[in-house]
There are 2 protein chains.
Amino acid sequence: MARTVLDRSDVVLALAGVFRERGFEGGSLSVIKQKTGIGRGSLYHFFPEGKTDMARAVLDQVSDWFEEKIFVPLRTATDPQKAIADMSRAVAEYFISRQCVCLFAAITLGEEQETFAKAVKSYFTEWVEALTGVLRLAGLSPQEAADRALDAVAVIQGGLILARAYGDDQTFLGIVDRAENNLLAPTR
Amino acid sequence: MARTVLDRSDVVLALAGVFRERGFEGGSLSVIKQKTGIGRGSLYHFFPEGKTDMARAVLDQVSDWFEEKIFVPLRTATDPQKAIADMSRAVAEYFISRQCVCLFAAITLGEEQETFAKAVKSYFTEWVEALTGVLRLAGLSPQEAADRALDAVAVIQGGLILARAYGDDQTFLGIVDRAENNLLAPTR
DNA sequence: GTCTATAAAGCGATAGAC
DNA sequence: GTCTATCGCTTTATAGAC
């Protein structure tokens, strides 16, 4: 019989897929087993503290991805226009290829919200602050930059909800496009 | 011993509170009992089909509220500026007083998403279309009206996520305020 | 590192007394 | 209309073989 030997990041990736599809609470060990073939033994080997540990690992992996692909590029940008275009493209591609689910948003609902409150807050704070920085570099006032950054992150998150509700990625892509344009639009 | 005799809408209201706090799946019968005092007997008297029935009743009640307080006023508006101001105020008050949770958005995550896909889609469609109508009344082009309406609903939904993430209603109120201003802002 | 068997607790749902 | 007791099932978690 074929046995697959996994490493931890494979397991985390598989868990993320299940949690996106079924939610953190709906992603039970039997569903995980069924959808990924990963059994209880492996799960508790990699995550000795159980399900909370699994959720933490998944959120950490998402957080690392955004740090590297979105936040750092924004913080080190020299061309605001390009930085914002890059962010929009990367974010759109990320969520479209991941069922239009943001796991950080997902965990603000349900039982474990308090457990991950700090991680959730930093995820959104980092994003908004990095984006604010780019807008200030582009010459916007601190207040205007902060407001536009917050609105952009909000409309992206709301766009994910509407994409799931409509069952239509195109809706989300349109929202991201317009958000991109609004970020550097001339002040009225 | 005191016995409370409930009517159905009281129970639905209590259920909505629990589901907002704990999610649909986290709101188990024992949690409901513990938080509301409503026992299994009453629950299955009002909702013979069980938990799915409870979720449906809660979503129906939310839907009715929005229909009456938000969608109908938008559809019958004659003064766009006032209609949009009224909507913003009503929506802000609604969500602030309900833990910044939109149950229609919440149910797009988790196991029961397919069961309620149709209801979710109409909730958002009705909202966006009613708002689009007001914007066209205000003289915007069909495309511009539809885009702005969609963006406004999205930014409100995303604002709820950020409000929960930040643990701060003020963030949400700012987002709603700016959304209101953007809706009727002059075309650039 | 992965497996299976199993424990202990919790789940939704039902039945029947009041 | 509400209660409690209970059923059958699933859940997370553990133990021990391989």
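In what follows, every chain begins at residue 1, and chains take the letters A, B, ... in the order their sequences are listed.
Among D/dT11, D/dT2, C/dC11, the nucleotide with an atom closest to any side-chain atom of B/F46 is D/dT2. Which of C/dC3, C/dT14, D/dA13 sits closest to the side chain of A/Y44 comes down to D/dA13. Distance from the side chain of A/S28 is smallest for D/dT12 among the nucleotides C/dA13, D/dT12, C/dC11.
For CD of B/E144, the number of neighbouring non-hydrogen atoms (other residues, nucleotides, ligands) closer than 6.0 Å is greater than 12.
Atoms CD (A/E25) and P (C/dG12) sit 11 Å apart, rounded to a whole Å. In this entry the distance linking CG of A/D53 with C1' of D/dT12 reads 13 Å, nearest Å. The separation between B/K33 atom NZ and C/dC11 atom C1' is 17 Å, rounded to whole Å. In this entry the distance linking CZ of A/F47 with P of D/dA13 reads 13 Å, nearest Å. C/dT2 atom C1' lies 15 Å from atom CG of A/D10, rounded to whole Å. When rounded to the nearest whole Å, the span between CG of A/L43 and C1' of D/dA13 equals 11 Å. A/I32 has its CD1 atom 14 Å from the P atom of C/dT2, to the nearest Å. Atom CE of A/M54 is separated from atom P of D/dT11 by 13 Å (rounded to the nearest Å).
Between atom CD of residue A/E111 and atom OG of residue B/S28 there is a gap of 7.5 Å, rounded to the nearest 0.5 Å. Within the model, atoms CG of B/D10 and OG1 of B/T4 stand 10.0 Å from one another, a figure rounded to the nearest 0.5 Å.
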Please lay out, stage by stage, how A/E126 and A/R75 fare under the test salt bridge (Lys or Arg N to Asp or Glu O under 4.0 Å).
-> CA-CA 10 Å; A/E126 301 264 287; A/R75 285 193 210 108; 3.0 Å; yes
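Contact annotation: B/T4 does not reach the phosphate of D/dT2 (side-chain N/O to OP1 or OP2, under 4.0 Å). Close to C/dG1, at under 4.0 Å from its OP1 or OP2, lies a side-chain N or O of A/H45.
The residue A/L6 sits close only to the backbone: its heavy atoms come under 4.0 Å of sugar-phosphate atoms, none of a base.
Within the 4.5 Å cutoff, no side-chain heavy atoms of B/L43 are placed close to those of B/R40. Within the 4.5 Å cutoff, the side chain of A/L160 has heavy atoms near those of the A/Q157 side chain.
Less than 4.0 Å separates DNA chain C from no heavy atom of any residue of residues 13-24 of chain B.
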Please list, for nucleotides 5-9 of chain C, all pairs of protein and nucleotide N/O atoms separated by less than 3.5 Å.
none

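At a threshold of 4.0 Å, the pair A/E112-A/K51 does not count as salt-bridged, since none of the basic side-chain nitrogens sits closer than that to a carboxylate oxygen.
Put simply, the side chain of A/R164 gets close to the backbone of A/C100: a donor and an acceptor are under 3.5 Å apart.
Evaluation of the ring pair (Phe, Tyr, Trp, His ring centres under 6.0 Å) test over residues 25-60 of chain B, restricted to residues two or more places apart or in two chains, returns none.
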